[in-house]
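Just below is one structure, and these are the notes that go with it.
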Amino acid sequence: MMIFDNILIYFVIVPVLTLAGLALTNNKGIAAIRAVAVTGATVLVALALYLVYLFLHLRGAGDTSEMLLQTSVTWYEPMNIKLALGVDGVSVVMILLSAFIVFAGVFASWKMDPLPKQFFLWFFLLSTGVFGFFISIDLFTMFMFYEVALIPMYLLIGVWGSGNKNYSAMKLTLMLMGGSAFLMLGLIGIYFHSAPEGQPLTMNLLEIAHNDAIPHEWQYYLFPLTFVGFGVLGAMFPFHTWSPDGHASAPTAVSMLHAGVLMKLGGYGCFRIAIYLMPFAANELAWIFLILTGISIVYGALSACVQTDLKYINAYSSVSHCGMVLFAILMFNTTAMTGAVLQMLSHGLMTALFFALIGMIYGRTHTRDIRKMGGMMHIMPYLGVGYVIAGLASLGLPGLSGFVAEMTIFVGSYMHSDVFHRVLTIAATTSIVVTAVYILRVVGKLLFGEVQDEHHRSLTDATWEERLSTATLILSVVIIGCFPNFFVNIIAPSFEPVVSALESASHMMGM
Amino acid sequence: MNYSQFLMMPQELGLLLVFALVFIYDTFMPSRSQRFLPCFTAILFAIYTALSFVPCVVTGMAFSGMFETTAATWVMKNILNVGVLLVLLQAAKWSNGEFVSVRRGEFYELLLLTLLGMFIMISARHFLLFVIGLETASLPIAALAAFEKNHYESREAAAKYVFTAIFSSAIFLLGISFVYGLTGTLYFNDIAPRVLGAPSALLITALAFVIAGVGFKLSLVPFHLWTADVYQGAPTAVTSYLSVISKGAAAFSFLIILVQVFGAAYQAVWQWMLYALIILTITVGNLFAIRQRNLKRFLAFSSISQAGYVMLGIIAANVLGMTSMIYYVLVYIFSNLAAFGVIAAIERATGRVTMDDYNGLFKTNPWLSFTMMLAMFSLGGIPPFAGFFSKFFIFVGACKTGSVAIYVLVLIALINTIISLYYYLLVVKAMFIRQDECVIPTIKSHWSERLGMIVSVAGIVLIGLVSCIYVALNTASQESAQIFMLID
């Protein structure tokens with residue numbers, strides 16, 4: 001079979017094999033479960049690193065096609081649905097990000113209890129969906145993997161979560177599935193206008209973009225459907241309300257994977273499907289979504305300031321940062337869009353780090369309320385330092401990933417010379433200040449404040465697997481911060497087709 | 001008379017043979033071997049089902065155009081056969097139980113006869129033959145519903161079913177008598193050319209009556225009122241038969257009647273009628289399902305809303321819609337029977353059927369809860385299970401018509417899938433999340449029940465991922481498109 005020659009398919013096969021391996025274990029043999037999960041996660045990281053190498057190698061060899069490593073196998077012939085694979089720079093870095101977070105997530109849930117086997121089964125099912133989404137370029141398979149990634153969240157939160165978990169799990173699932181209901185209609189609409197009259201309809205992204213056959217009046221309906229559909233997952237205001245509850249109730253590794261990877265599916269889908277395939281409506285309607293994402297950025301940051309639960313602080317901060325991703329994507333120039341992907345990377349790693357640390361602190365203190373904790377820097381210095389690094393990355397300290405991403409985004413968005421974009425950009429930049437407020441508040445109180453509970457003095461610092469999990473993420477944050485050009489060179493060229501499609505659409509409008 | 005015409009109905013004849021053998025076994029075998037009757041029937045039916053898949057069917061008209069076999073009807077009947085086989089597996093242990101075993105033979109005989117009626121409904125090309133099929137498929141079910149006659153609910157279910165069945169048949173007959181009065185014929189093929197021209201009010205009334213008549217069998221809202229009580233009261237094996245097989249057969253014949261008889265001239269009329277019915281059916285079914293605590297009632301309302309989705313394939317009136325509809329019914333059979341398999345096994349062992357009883361089921365019966373979860377996910381349309389594919393395809397089929405009204409309808413249906421996901425997740429929540437309380441002890445299911453569930457789960461997982469089934473259905477629909485006058 002030709003498809004097995006393509007490295008991309010192994011990003012789905014490896015998690016599925018891990019699932020099969022996990023199915024053979026039982027709950028009493030925790031060592032076997034860990035061994036299978038770690039093996040699966042490590043193989044994924046290795047594959048992802050090899051993919052980056054392969055990608056650079058092919059680009060270096062002069063392969064300039066839009067998507068590399070393309071393979072296509074017919075699946076449902078009557079509707080021309082294919083299992084079409086292909087990656088560009090953006091998908092490559094997203095795959096890399098996902099692999100690292102899955103790796104860190106496995107170690108963060110080392111002592112999962114109860115039912116570790118079932119936990120890892122759902123965890124890897126979620127990963128299967130995520131990887132499948134990033135490697136597909138066929139609308140149907142993309143959507144299928146997208147939903148595969150969503151549903152495990154229900155049980156992961158419902159069974160292993162904490163707090164008001166029933167409510168949060170149901171709310172999250174229904175809101176995300178609601179988004180995907182709009183998305184499904186949008187995709188069906190795109191499919192039926194994917195080719196000019198007389199040519200066979202297609203679900204292949206590249207062919208649809210190439211055909212450019214979606215009538216403008218249809219784009220006005222289909223663009224909001226798809227953008228909102230993905231925007232729900234990207235925590236766009238006012239569809240963000242699932243995010244704080246969901247994150248607060250989810251177990252550590254699930255929060256990591258969800259904020260770190262799953263929310264990125266939203267941003268990725270927005271530009272890959274909504275904007276790329278319907279550039280005309282994107283140009284026309286961008287202002288609505290720019291305002292909404294602008295609200296997300298500021299509102300998320302302000303809300304984070306008044307929370308006292310560590311996870312809620314981070315969840316609102318995620319709303320703010322993910323809003324920034326969508327905001328940058330809607331700026332429609334290469335600089336800002338590259339910044340958006342950097343922000344996805346940065347936020348993915350940083351938030352995963354945050355949630356991992358919060359999980360570890362919570363596992364020791366059994367509270368996430370910052371009013372009940374203090375002086376952690378002396379008690380658990382490793383975790384404390386990790387938290388400070390994550391915090392500094394979040395508020396954009398140069399040398400860490402957050403700075404690179406936000407700088408690129410705001411430079412890109414300031415390139416627009418009209419008042420509307422300028423005002424929004426300035427409004428959005430205020431979030432940097434607000435971010436500093438809530439991060440420093442937590443750092444000051446939690447790490448350097450008075451010890452609130454004498455029992456906390458006897459707590460231990462991180463164990464080896466916790467150190468491994470967090471060190472992986474810290475290292476990645478620093479690498480992106482110090483060597484952004486490596487990533488920019490991979491990402492930026494991938495936006496040329498999108499930007500040129502947008503430009504030609506706005507040019508046509510101008511005439 | 002030309003006896004080669006009988007070659008057109010191999011599946012009906014095979015079924016009749018199975019029925020005859022079961023009847024002979026039941027009547028003449030000594031009472032000590034009677035308890036092997038369920039096993040005997042299941043094996044016999046399995047052989048028959050396997051044989052009927054052999055693609056040597058002769059297509060064409062028989063009995064001066066009253067009966068027709070096409071590639072599509074052949075496929076439809078095979079799908080029903082598979083479903084009945086699963087029901088037989090589920091019922092095997094139950095039918096050997098106390099109170100039931102004395103009349104076990106009748107259960108199987110009546111079941112097979114109603115299936116024969118459904119086959120006739122699907123293949124009939126004349127309204128009188130259709131009515132014979134409809135009645136054969138309806139009335140014995142009342143007897144089946146009353147099977148546990150020492151239970152009050154079972155008798156009540158039978159009474160409700162028989163009254164609604166008669167009432168709906170009467171309405172249906174009134175409708176076709178109008179058709180006969182206006183066109184002078186009851187042959188499907190002859191009616192279509194005679195009703196061309198401006199739509200007449202009387203024929204629209206007739207159309208409404210026909211839709212109402214079949215709507216009762218499909219339990220479309222507002223003809224659904226009998227459903228919940230009958231589903232709850234009837235023995236679980238009968239309920240599962242009623243909810244998948246009877247519904248599937250009615251959906252298939254509904255498509256054929258609407259498209260073939262009223263297709264050309266009255267398409268706009270019945271599409272609007274169906275449009276309203278679909279919105280009502282999906283929404284009302286969903287909203288009522290949320291409040292149900294008894295799982296059989298719960299699945300009754302869920303099956304009402306599922307029938308609404310099936311209608312989306314009919315309203316499309318094109319080949320893709322027809323393929324997707326047959327596919328949807330196939331997937332629905334597997335998903336619903338997996339759910340009923342679990343319910344039947346638990347009810348047989350413990351007598352418990354409410355959702356609260358299922359709290360913490362995962363702790364005591366992990367495999368049963370796993371099966372139930374897959375069934376719920378598939379019914380809710382979650383990938384990678386088959387339900388996702390069937391939902392997507394039926395929406396694609398409907399949207400192929402290209403009209404904005406249909407897009408709106410699909411949007412309403414999609415919003416309803418979220419509601420339905422809510423209540424399907426309630427079952428999952430009870431089983432997996434509420435682990436603190438377990439009511440149902442670890443039960444040991446019978447091998448036949450287990451086999452039925454394994455087949456259903458395999459179907460749920462594979463039917464979507466393996467595309468060849470859909471492609472085969474599409475080929476069959478393509479071949480029959482001309483006959484049913486479907487647009488491509």
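Each chain gets a letter, A, B and so on, in the order the sequences are listed, and its residues count up from 1.
Looking at A:Tyr191, the atoms closer than 4.5 Å to chain B (heavy atoms on both sides) all sit in the side chain, from C-beta outward. For a residue to count as touching a neighbouring chain, one of its non-hydrogen atoms must lie under 4.5 Å from one of that chain's; by this rule B:Phe388 touches chain A with the side chain only. Proximity to chain A involves both the backbone and the side chain of B:Leu426, based on heavy atoms less than 4.5 angstrom apart. Neither the backbone nor the side chain of B:Phe385 comes within contact range of chain A; no heavy atoms are under 4.5 Å apart. Looking at A:Leu187, there are no atoms closer than 4.5 Å to chain B (heavy atoms on both sides), in backbone or side chain.
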Checklist entry - For B:Val471 and A:Trp75, what are the C-alpha separation, side-chain angles and deciding distance, and is it a side-chain contact (heavy atoms from CB on, under 4.5 Å)? => result CA-CA 10 Å; B:Val471 175; A:Trp75 193 9; over 6 Å; no

Next on the checklist: For B:Leu411 and A:Phe182: C-alpha separation, side-chain torsions, deciding distance, then whether side-chain contact (heavy atoms from CB on, under 4.5 Å) applies.
Outcome noted: CA-CA 7 Å; B:Leu411 183 64; A:Phe182 291 113; 3.9 Å; yes

Item to check | B:Phe392 and A:Met144: CA distance, side-chain angles, deciding distance, side-chain contact (heavy atoms from CB on, under 4.5 Å) verdict | outcome: CA-CA 10 Å; B:Phe392 193 90; A:Met144 186 189 81; over 6 Å; no

Next on the checklist: For B:Phe362 and A:Leu115: C-alpha separation, side-chain torsions, deciding distance, then whether side-chain contact (heavy atoms from CB on, under 4.5 Å) applies.
Outcome noted: CA-CA 11 Å; B:Phe362 178 70; A:Leu115 304 172; 3.7 Å; yes

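Of all the listed residues (B:Met373, B:Lys429, B:Arg434), the one sharing the greatest number of non-hydrogen pairs under 4.5 Å with chain A is B:Lys429. In terms of non-hydrogen atom pairs under 4.5 Å with chain B, the most contact-rich of A:Trp160, A:Tyr146, A:Phe143, A:Phe145 is A:Phe143. Top candidate by heavy-atom pairs under 4.5 Å with chain A, chosen from B:Val428, B:Asn474, B:Ile382, B:Leu425, is B:Leu425.
Aromatic ring orientation, B:Phe389 versus A:Phe140: tilted (interplanar angle from 30° to 60°).
A centroid separation of 6.0 Å or more is found between the aromatic rings of A:Tyr221 and B:Tyr407. Taking the six-membered ring wherever Trp is involved, the centroid distance between the rings of A:Tyr154 and B:Phe432 does not fall below 6.0 Å.
One finds the OH atom of A:Tyr76 at 8.5 Å from the SG atom of B:Cys468 (value rounded to the nearest 0.5 Å). Here the CD1 atom belonging to B:Ile418 is positioned 5.5 Å from the OG atom belonging to A:Ser180, to the nearest 0.5 angstrom. In this structure, A:Ile188 CD1 and B:Leu414 CG are separated by 6.5 Å, a value rounded to the nearest 0.5 Å. How far CE of A:Met170 is from CG of B:Leu421: 7.5 Å, rounded to the nearest 0.5 Å. The distance from atom CG of A:Leu155 to atom CD1 of B:Ile433, rounded to the nearest 0.5 Å, is 5.5 Å.
The number of heavy-atom neighbours closer than 6.0 Å to OH of B:Tyr422, taken from other residues, nucleotides and ligands shown, is 12 or below. Residue A:Glu217 qualifies as enclosed at atom CD: its count of foreign heavy atoms under 6.0 Å is above 12.
The shortest heavy-atom contact between A:Met184 and B:Phe395 is SD-CD1, 3.5 Å. Between A:Phe192 and B:Val396, the closest heavy-atom pair is CZ-O, 3.2 Å.
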